[in-house]
Enquirer: 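Starting off with a structure, shown below.
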Amino acid sequence: MDYRCTEAFARQMEAAALRAEGLRQEAIGAFWHAVGAGVRIAWRALLRRLVRPSRTETLFPEA
């Protein structure tokens, strides 16, 4: 076996491992960004429902 092929393969594997680590970190960041966006949307919907009065509360009984 030619040792140069083994070194080239080892370099390729090391480069692939570095790329994989970067992609893993990017995926984790995208996941938590999406989770945060979902929580913000749910929080806004909850606040909107709790803070704003409904139409039935704003109408007078005589009307």
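All of these numbers come straight from a predicted model, not from anything done at the bench.
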Enquirer: Same hydrophobic cluster for I28 and V35, using side-chain heavy-atom links shorter than 4.5 Å among ILVMFWY?
Expert: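 Per the 4.5 Å side-chain linkage, I28 and V35 are co-clustered.
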Enquirer: Rounded to the nearest 0.5 Å, what separates atom CZ in R11 from atom OG1 in T6?
Expert: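 Rounded to the nearest 0.5 Å, the CZ-OG1 separation comes to 10.5 Å.
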Enquirer: For residues 23-40, pull every pair meeting salt bridge (charged side-chain N to carboxylate O under 4.0 Å, His left out), keeping only residues two or more places apart or in separate chains.
Expert: E21-R24
